Engineer: 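Just dropping this structure here.
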Amino acid sequence: MPTPSFPPVDAATLKGWLHDADEIALFDVREHGQYGEGHPFYAVPLPYSRLELDAGRLAPRVGARIVLADDGDGVAPAAAQALARLGYTSLYVLDGGMPAWRAAGYTLFAGVNVPSKTFGELAEHHYGTPRVSADQLAAMQAGRSGLRPVVLDGRPASEFQKMNIPGAVCCPNGELAYRLRDLVPDTETPIVINCAGRTRSIIGAQTLINIGVPNPVYALENGTQGWYLNDFTLEHGGTARYPDTAAPRGLDAARAAASTLAGRFGVPHLAPAQAAAWLADATRTTFLCDVRTAEEFAAGTLPGAQHTPGGQLVQATDQYVGVRRARLVLFDADGVRAPVVASWLRQMGHDAVVLQGGLQAGLDAGLAAAQGPQPEVAAPPAVAAAALAAGLQDRSMLALDLRGSMAYRAGHIAGSRWSIRPRLAQDLAGVPHDTVVVLVGDADGGDPAALAVASLHALGFADVRRLHGGLAAWQRAGLPLGRGADTLPDARCIDFLFFVHDRHDGNKAAARQYLAWETNLVSQLDAQELATFRFPPAT
C-alpha cells in the first residue's frame, strides 16, 4: 500500500490561516527542547514521541484543520500518518518546517506558554497592576511599612513545594477569588501575590483588583526569582496552603463580585441545553473545562471534561487547548471560579463561556463531551532483568531507553542506548535487525515507549520487547547502572529545554536571562498577533 501524502502548506498561507475565521490547530511535533528554542507564536507543542497519547485531548474533533510543523526533517509527515490512523481527516504539513517559517520573515518565539506569558506582560501594562520589589516586600514583612502583608503564592502546590517566599501561603490563582477571605479575613491587610516569575503574579493580583477587593493588592516583581536575585533566602518543601472548606468565608460576596466581573467583560452564561447542542455539533470543537481543584475533579465531574485548574488554564492555555477559535465551556460548583477564569480567557481572545448552574446543572442535563481518539497500543512481551542482562552479555539483545534524557543521565542500564521516537532510524543505524530490542520506558503520564514499537517494526526490528518492571526492577536485581551528563551529550537531548532549566537552582544568570526573555516577548509581536488580545477600554 502506498504511503499517504498530506498537502503541504507554505508559510505565508499558514500565516493567513492562523488569522482567518476558522478553527485551526498548529502542532509543533518536534520535541520539547526543540520547541522551546523557537516556534511560531500560536504553535502548540505535540511532540512526536507522545503524539497519539496527547492528540485526542488537545484536538478532540477529528475534522479540525490541523497543520503539523517540524524542522523540515520528515517528522511532520510521519506524524500526519499517525494522526490519520487515529481518524483525523484534515491534515497539512508546513512545507519546509521551521526554517521555511523563519525564511519567510516570521518570528520564532523561544520558551513555552508564550501566548499566556505575553498576555501577562500586556495585562500589566494595560491595567498598571501595582507591584512591589523584593526589597519592598521584605520591608513590609518586617513591619517597616505599616501593616504586615499576607503573601499568597499563585502557583500549584507542586511548584510551591519546590521553593517559596518565607511566610507565603499557597493559593493557586484560580482559587484566589473563591477562597480569599479564608486566608485574609481583614479588608485592610495588604496582599502580595507571587509566582516563580511574572505572569501569575500579575494575573493573580489583577484578578483581586478586578473583582473589587478593597485590600491593597500588589504583584511581587519577578516572583521567587526576583527574591533570590536580591539575595533573600527562599524556603523549600513548603506545605502552607488554603483550607479545604466546602463553603469558604465570604462566598456570597465573592459570587456577587464574580457576577459583576462577568458582566464587565462580557462573559456569557450558557444554558445546559445550549451546551449540549454545542457538544453535539460535529462541525465545531468544544472543550468542556472543569476549573476546580484536582481533589474536586477526582470526586466527580462531567463525562469527557478535562481538568483545567483555573490559574493554569490562563497561565498555560496551550497545554489544555490545542485548537484556536474553539469554544471553551467552563464550569465550577460555586459560581465564582469559572466566571473569573473566563474573564481572562476572553481577554486572551478565546471564546470562553460559563456553564449556567455549574457542575450540578451539567449533571442534571446529562452533559458529556466526546473523547478524542485514543491509540490502541499493545504492550510488547516482557523480559525479566536477569534475561536482559544475559542478552546484553552475549549481544543478542539491545536495551533501548526511551525515557526522558535527563532521567537517562540520572541513571540507566549500563550499556543501554538512549533514543527518542523521531531519531530511532539514526540512533539504530547499523544495529543488526535480528537483535532483540528491549525497551526501557516510564509509564508516568502514558508510556511513549509503547508508541515506538510500530516505528521499530517498520525499521526492520521484528522482535521488540519491554523490560518487566522498568529500571526499578534492574536496580532491585543489583545490576550495574550508568549515569552522568557525559553519557548523553546535550545536543542529543532534544526533549529537554536547557534554556530555562536551572533558573531556580542557584544560577542567577539563568534567572536574569529568563526574566529578560519574558519582558521582551511583547516587542516580538506583529500587528496580527497583538490584535488577538482584547482588553477593555481604559477607564
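Positions are given from 1 along the sequence. This one's a predicted model, so the numbers in the text were calculated from it and none came from an experiment.
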Engineer: Could you tell me whether Arg327 and Glu23 have a side-chain N and a carboxylate O separated by less than 4.0 Å?
Structural biologist: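 Salt bridge absent between Arg327 and Glu23.
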Engineer: Below 4.0 angstrom, N of the basic side chain to O of the carboxylate: do Lys508 and Asp231 qualify?
Structural biologist: yes
Engineer: Using only heavy-atom distances, determine whether the side chains of Gln141 and Arg148 contain a donor-acceptor pair under 3.5 Å.
Structural biologist: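 No, no side-chain donor-acceptor pair sits under 3.5 Å.
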Engineer: Is it true that Arg131 and Glu124 have a side-chain N and a carboxylate O under 4.0 angstrom from each other?
Structural biologist: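 Result for this pair is yes, salt bridge flagged.
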Engineer: Got Glu529 and Thr107 here, is their nearest side-chain heavy-atom distance under 4.5 Å?
Structural biologist: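 A side-chain contact under 4.5 Å is absent here.
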Engineer: What distance separates Ile202 CD1 from Leu220 CG, expressed to the nearest 0.5 Å?
Structural biologist: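 CG of Leu220 is found 11.0 Å from CD1 of Ile202.
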Engineer: Should Glu121 and Arg198 count as an ion pair when the cut-off is N to O under 4.0 Å?
Structural biologist: yes
Engineer: Within the distance-only criterion (no hydrogens, no angle test), does the side chain of Gln371 pair as donor or acceptor with the backbone N or O of Ala369 below 3.5 angstrom?
Structural biologist: no
Engineer: Using the rule given for salt bridge (charged side-chain N to carboxylate O under 4.0 Å, His left out), can you reason through Arg325 versus Asp20, listing the C-alpha separation, both sets of side-chain angles and the distance that settles it, and then say yes or no?
Structural biologist: CA-CA 10 Å; Arg325 290 181 284 279; Asp20 67 19; 3.3 Å; yes
Engineer: What distance do Arg155 atom CZ and Phe160 atom CZ have between them, rounded to the nearest 0.5 Å?
Structural biologist: 7.5 Å
Engineer: Please confirm whether the ring centroid of His19 lies under 6.0 Å from the ring centroid of Tyr42.
Structural biologist: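 Centroid distance His19-Tyr42: below 6.0 Å, so yes.
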Engineer: Would you kindly say whether Thr129 and Gln206 are connected by a side-chain donor-acceptor distance under 3.5 Å?
Structural biologist: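 Indeed, the side chains of Thr129 and Gln206 share at least one donor-acceptor pair under 3.5 Å.
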Engineer: Strictly below 4.0 Å, N to O, side chains only: are Asp10 and Lys15 in salt-bridge contact?
Structural biologist: no
Engineer: Is it true that Asp351 and Arg346 make a salt bridge, defined as a side-chain N closer than 4.0 Å to a carboxylate O?
Structural biologist: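 Yes.
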Engineer: Please verify the inter-ring angle class for Phe533 with Phe41; under 30° counts as parallel, over 60° as perpendicular, anything in between as tilted.
Structural biologist: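 Phe533 vs Phe41 ring planes: perpendicular.
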Engineer: In Å and rounded to the nearest 0.5 Å, what is the CZ to CD distance from Arg337 to Glu296?
Structural biologist: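 If I round to the nearest 0.5 Å, the distance is 4.0 Å.
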Engineer: Return the orientation label for the His39 and Tyr35 ring planes: parallel under 30°, perpendicular over 60°, tilted otherwise.
Structural biologist: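 Aromatic pair His39/Tyr35 classed parallel.
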Engineer: Quick check: Tyr48 with Phe27 (ring centres under 6.0 Å apart)?
Structural biologist: no
Engineer: Considering only NZ, NE, NH1 and NH2 on the basic side and carboxylate oxygens on the acidic side, decide whether Asp334 and Arg292 come within less than 4.0 Å.
Structural biologist: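 No, no charged N to carboxylate O under 4.0 Å.
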Engineer: What verdict does the side chain to side chain donor-acceptor pair (under 3.5 Å) test give for Asp182 and Thr245, after you've listed the backbone C-alpha separation in whole Å, the side-chain angles of each residue and the deciding distance to 0.1 Å?
Structural biologist: CA-CA 9 Å; Asp182 278 348; Thr245 51; 2.7 Å; yes
Engineer: In terms of relative ring orientation, are Phe119 and Trp344 parallel, tilted or perpendicular, with 30° and 60° separating the classes?
Structural biologist: perpendicular
Engineer: Please evaluate residues Thr187 and Asn215 with respect to the criterion side chain to side chain donor-acceptor pair (under 3.5 Å), reporting the C-alpha separation (whole Å), side-chain torsions for both, the decisive distance (0.1 Å), and the verdict.
Structural biologist: CA-CA 5 Å; Thr187 59; Asn215 304 66; 5.6 Å; no
Engineer: Just checking, is any N or O donor in the side chain of Asn164 or Asp153 under 3.5 Å from an acceptor N or O on the other one?
Structural biologist: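 Not at all, the side chains of Asn164 and Asp153 share no donor-acceptor pair under 3.5 Å.
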Engineer: State, without any angle test, whether Thr207 and Asn210 hold a side-chain donor-acceptor pair at a distance under 3.5 Å.
Structural biologist: no
Engineer: Below 6.0 angstrom between ring centroids: does that apply to Tyr92 and Trp17?
Structural biologist: yes
Engineer: Scan side-chain atoms only and decide if Thr283 and Asp281 contain a donor-acceptor pair under the 3.5 Å cut-off.
Structural biologist: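 Per modelled atom types, Thr283 and Asp281 side chains form a pair under 3.5 Å.
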Engineer: Before accepting this row, confirm whether a basic side-chain N of the pair Glu159/Arg200 lies closer than 4.0 Å to the acidic partner's carboxylate O.
Structural biologist: yes
